[in-house]
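Whatever order the structure lists ligands and atoms in, that order sets their numbers, starting from 1.
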Amino acid sequence: MADFIDNGTRFRLTDPTLAPAAAGYLWNRRMMIQMTCRGYAVSQYMDPEPRKYAHVPTIAGQTFMQPEHRYFAHHPGRFFYVRDNRSGALFSAPHEPVRARPDSFAFEPGLSDIRCTVEKDGLRVDLCLELPDDDVAEIWTATVTNVGETGRDVSFVPYFPAGYMSWMNMGGHFDPELGAVLCTSVTPYQAVEDYFRNQHLKDITFLAADRRPDHFEVSQQAFEGEGGLADPSALQAGGNLKGGDACYELPAGILQYDLSLPAGGSECIRLLFGPARDTSEVSELTGKYLRGDAEAVRRASRAYIADGLGSFEIESPDGAFDAFVNNWLPRQVYYHGDTNRLTTDPQTRNYLQDALGMVFIRPETTREVILRAASQQFVSGKVPDGILLRADATLKYINQVPHTDHAVWLVIATCAYLDETGDRSILAAPAGWADGAGSDSLYEHVSRALRFLAGEVDERGLPLIAQGDWNDPMNMVGYKGRGVSGWLAEASSYAMSLWADICEAEADHETAGWLKRASDAMVERINAHLWDGNWYARGITDDGAPFGVSSDPEGRIYLNAQSWAMLCGAADADRKARMLRAIDEQLETPWGVAMFAPAYTRMREDVGRLTQKWPGSAENGSVYNHAAAFYAAALYHVDEGDRAFRVLRAMLTEPDADDIAVRGQLPLYIPNYYRGAWHQHPRTAGRSSNLFNTGTASWFYRLVIEQLCGLRGTRDGIVIAPQIPSDWQRCRFRRTFRGATFKVDVERAEGLTDRMIDIDSRPLDGDVLRRVEPGRTYDVKVKIPGQTQQQAQRHG
Ligand code: CEZ
C-alpha cells in the first residue's frame, strides 16, 4: 500500500484515504509547492516577499503554512475532472473533489516531480507536476487513456481555483490569444506609498494550456452551482462549460476538453499555472514551458535537485533509513539552504543552522551565510534576530521580538564549517558591522559575539532570556528584564568551549584562556542554580522561580536543558544517569522523545505564549524534532550511540501503511514536530505537523555523517570513529571530504577488544588520518568489537 520505489528515489502510496494529508513537495529558488495525494496544494513564491497565487476562499488573517490541518473542499488545489459523456459518470484525479473510489491509485512523489495515476471504469489519468529550475510556474502534464476495450467519449476538465485574490479587485476571463485563463486582482493596500511599491507585483494568476479548450469557465461559483464541487452543476446532465467570466467573484481556471478515445487511445494536455505581472509575462512563460523543449526543462530541474543531493551515501541493514538518508534528507537540507525557507529575513538561528547542513552539500554557501550574518552584527557584538537577504528587506514578525541566543549559532555554524572544510581563511575574512564603519575579521566578529553574550547576564552570571531563546514563544520568562535561560547558560558554555579550541589553534591563548574560564564558570553556575535533583531546570523566571523542575505540575522536565547539559559537560556520570532515567520515564513516547512534559494546559504568564499552544502541539510538549536532534547530538557526545540512533530513527516515518496512517505523512521529510502529550492526548499523539521547515534536517544529516558513521574533520585531518547501533553487524558508506573520497566498510568482529582501522590495507595508528590528499580514494576498513552479552542485556 505504501513503499519506496525506484531505489528509494520515489515513493508510492496506493490509497488516497490512508493519510489524507500525505504530501510531497517541490521547489526551486523562487517558489515551493506542497501537493497532497488528494490534490490539495500549498504553494508560495517570492515577489520579493513570500506570496501566494492560489488562495483560500476568504481571508482568515495572517497565518503560517498549516499543512497539519484538514484541507477543505474549497482549499486551493489542482483537480482534474473526468466525465464519461455517455453515462454522465464523474470522477476526479488525484481524488478530490469528487472522491470517487478509484479502481487503482498511485501517488508517487519523486525527487524532482510528483506523479499520480488514477484509474476508474476503464479510464486512466496520469498526472505529472514539475517545476522550472528557476521560474515561478507549475508545469502539468495530464494524459487521459482509454484502457478499456471500446471507444469512449469523455470530457476532461482541469479545475485550478485561484481563490479569494483580493477584497479590492478580483476577476477573471479567458484570453483567446494567450489560450489562457487570466485571474486578475489588485493586491489590497491603503497607504499611498504602497501603490508605488506594489507596481511590480504579480497580481495575475493564469492557467494556460498547450491546446485550445473546447469550452471554459472562469467563475468558480458558476461552475460549482448548486451541485457543489463534488458534483458541479456545470458538468451535470451532459452540459458544457458556458464560457463565463468572473466579475468580483472567485476566479478559477476551468478548461473543458472533449476527447474521443478509441480503445487504447490517449490524449495528452500540458498546462502551466502560476503568477504573472502582465500578459507579456504569461506569453513569455508559455513560450518557454508549453511550446519550448520540455525535455530540456526537465533535465534542468533534475540537475538542480541532483546538485543538492550531497556527498554521502550509506548502505546499512536498515533499508528505509538508507532510502531516506541517501535521497530525501540531503534534499530537505538543500531546500532549506538554497531557499532560506523562502523568506527575505530568515531568523538568524534558522539561517545559520540551515547553512550548517549545507556544509556537506555546498560549503561555499555555508561560508557566505556565516560572513553575511557576521556583517549584520552590531559593533557591541550583539547578533541580530534576523538576517536581511536583500537591500529592501525588513525584519518582520518574530524578528522584531528580542531573543538572546543568536551568538551560539554563529559559533556552531563556523565550527562546523571549519571541521568540514578546513578552510581557515574564513577566520581572516573581513565583515562589516551593522552600526559601525570599517570591517573586522570573522574571528573578531565571533569572539566579540561571545563577549557580548558573556556580558548579558544577571547577578548570578546566568544569561538573560529577554523574550525568547531557541524557543521562540518562550516569551514571558524574562520580559521584565530579569528572567534567565538555563538552556542558554549551557549553550553559551558549549559555544565558548568550542570557540576556545579555535582560538587556541590560532595561537590566541589569551582569548582561549578567557573562554575556557568563562565556560567553566558557567558550568559551575549551572550546577549551583539549575540542578533540580534529578535533572536540570529550564530557566528561572523574572520573579526568581526556577521552572522545568520537579515541583512543576506542567512543564516539569524539558529535554533541551538536559541535552545541552551533556554537550557542555555540566553533567557528571551520576547526573547523566539520573537525567537519562528521567527522560526515559517522562519524555519518551512511541513516536519519539517529547520536548517537555507534561504539556501545559493553561497559560503560565511567567513562561509565555508557548503554554497557550494546544497541549502536545509545537513548542507545547510535542515531539519537536529539532530538540530531539539536539538530544541525539548530546547522546553521541557522551558515547550513547545506541540511544542516539533510536532518537534519530524515531523521527522517520516508516514506509508502511500503519505508521503512515498514524503519523499522517509520507517518509519523505522530517516534519518540525509530531504531536506529543502522549499521556494527555493519546488519540492524536504521533500525528505529523507535515511542515518540512525545520532545523532538524541539518542536524540529522550532520549526526549521521559525523557521529553515526563517525567521519568528521579536524584541523588537519579526519577522525574515523563510527558509532553504529549494536544490532548492525555491518554497514558501508561513501563520503567525499576535502576533495578525497572515503569508502568505508564497518564490520563487527567477535573477540575484538578495540576498534581496528585499516586504510588501503595498512593499519592506522589511533583514529585520526592526517593530511587527507584531495583527489585520492581511501579504502577504509573498520572492525569494531562484536556485541558482548553484557551490552546486549543493557540495550535489550
Ligand atoms: O518556529 C520555529 C523557529 O523558526 O520554532 C523554533 C525556533 O528555534 C525556530 O527558530 C522553536 O521555537 O510560535 C512560534 O513563533 C513558533 O516558534 C513558530 O514560529 C515555529 C514554527 O516551527 C514555525 O515554522
Side-chain angles (χ1 to χ4, degrees), residues 25 32 34 42 44 50 62-69 332 335-336 339-357 373 383-387 395-410 412-413 465-477 479 485 487-488 491 538-539 555 558-561 563-564 594-596 599-600 603 607-631 633 651 669-676 688-699:
Y25 69 103
M32 77 92 196
Q34 184 169 18
V42 174
Q44 60 186 37
Q62 187 58 254
T63 179
F64 294 113
M65 290 191 283
Q66 297 288 326
E68 179 172 0
H69 291 286
Q332 192 176 0
Y335 156 75
H336 285 81
T339 65
N340 297 302
R341 310 184 185 195
L342 299 176
T343 160
T344 58
D345 64 326
Q347 290 179 259
T348 306
R349 90 174 67 75
N350 296 359
Y351 187 54
L352 288 164
Q353 288 176 92
D354 293 348
L356 182 151
V383 179
D385 285 298
I387 300 300
L395 293 183
K396 295 176 287 297
Y397 308 115
I398 195 73
N399 287 333
Q400 295 170 328
V401 179
H403 291 67
T404 49
D405 60 316
H406 297 294
V408 167
W409 312 109
L410 185 60
I412 290 178
I465 187 171
Q467 290 184 39
D469 53 22
W470 170 87
N471 193 322
D472 276 352
M474 192 175 273
N475 62 337
M476 287 167 79
V477 167
Y479 74 104
S485 163
W487 166 79
L488 185 54
R538 177 62 173 82
Y558 276 73
L559 186 60
N560 278 346
S563 310
W564 292 74
M595 188 164 119
F596 65 76
Y600 295 97
M603 174 65 163
V607 174
R609 189 164 65 83
L610 74 100
T611 66
Q612 294 179 291
K613 294 197 176 187
W614 182 265
S617 79
E619 286 94 337
N620 192 2
S622 73
V623 174
Y624 208 91
N625 284 319
H626 198 183
F630 296 150
Y631 179 45
M651 292 184 211
Y669 47 83
I670 304 175
N672 71 332
Y673 67 82
Y674 297 106
R675 295 273 193 100
S688 165
S689 67
N690 265 304
L691 187 67
F692 51 80
N693 282 353
T694 170
T696 315
S698 281
W699 278 78

Geometric class of the Y600/Y558 ring pair [parallel <30°, tilted 30-60°, perpendicular >60°]: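 Correct class here is tilted.
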Whether F630 and W564 hold their rings parallel, tilted or perpendicular, with breakpoints at 30° and 60°: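 F630 vs W564 ring planes: perpendicular.
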Non-hydrogen atom of Y624 closer than 4.0 Å to ligand 1: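 So Y624 counts as touching ligand 1.
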Identify the protein heavy atom lying closest to [atom], giving its residue, its atom name and the separation to 0.1 Å.
| atom | result |
| --- | --- |
| atom 19 (O) of ligand 1 | F64 CZ, 3.7 Å |
| atom 18 (C) of ligand 1 | E619 OE2, 4.0 Å |
| atom 15 (O) of ligand 1 | R609 NH2, 2.9 Å |
| atom 1 (O) of ligand 1 | D472 OD2, 3.7 Å |
| atom 10 (O) of ligand 1 | N350 OD1, 2.6 Å |
| atom 24 (O) of ligand 1 | L691 CD2, 3.7 Å |
| atom 22 (O) of ligand 1 | N672 ND2, 2.9 Å |
| atom 4 (O) of ligand 1 | Q347 OE1, 2.7 Å |

Per-atom contacts of ligand 1 with [X], taking only distances under 4.0 Å to non-hydrogen atoms:
| X | answer |
| --- | --- |
| N471 | 12 (O) |
| R349 | 7 (C), 8 (O), 9 (C), 10 (O) |
| K613 | 13 (O), 14 (C), 16 (C) |
| P473 | 12 (O), 13 (O), 17 (O) |

Result of checking R341, H336, R349 against D354 for side-chain hydrogen bond (donor to acceptor under 3.5 Å, both in side chains):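 Option passing the side-chain hydrogen bond (donor to acceptor under 3.5 Å, both in side chains) with D354: R341.
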Closest to atom 7 (C) of ligand 1 among W470, W409, Y351 (heavy-atom distance): W470
Check: H403/Q347 side-chain N/O donor and acceptor closer than 3.5 Å: no
Euclidean distance, D345 CG relative to I398 CD1, rounded to 0.5 Å: 11.0 Å
Approximate separation, where rounding is to 0.5 Å, of M474 CE and W487 CH2: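 That separation rounds to 10.5 Å.
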Closest contact, heavy atoms only, T694 versus I670: CG2-O, 3.4 Å
Cationic N near anionic O, under 4.0 Å, R609 to E619: no
Step-by-step side chain to side chain donor-acceptor pair (under 3.5 Å) determination, H406 to D385: CA-CA 7 Å; H406 297 294; D385 285 298; 2.9 Å; yes
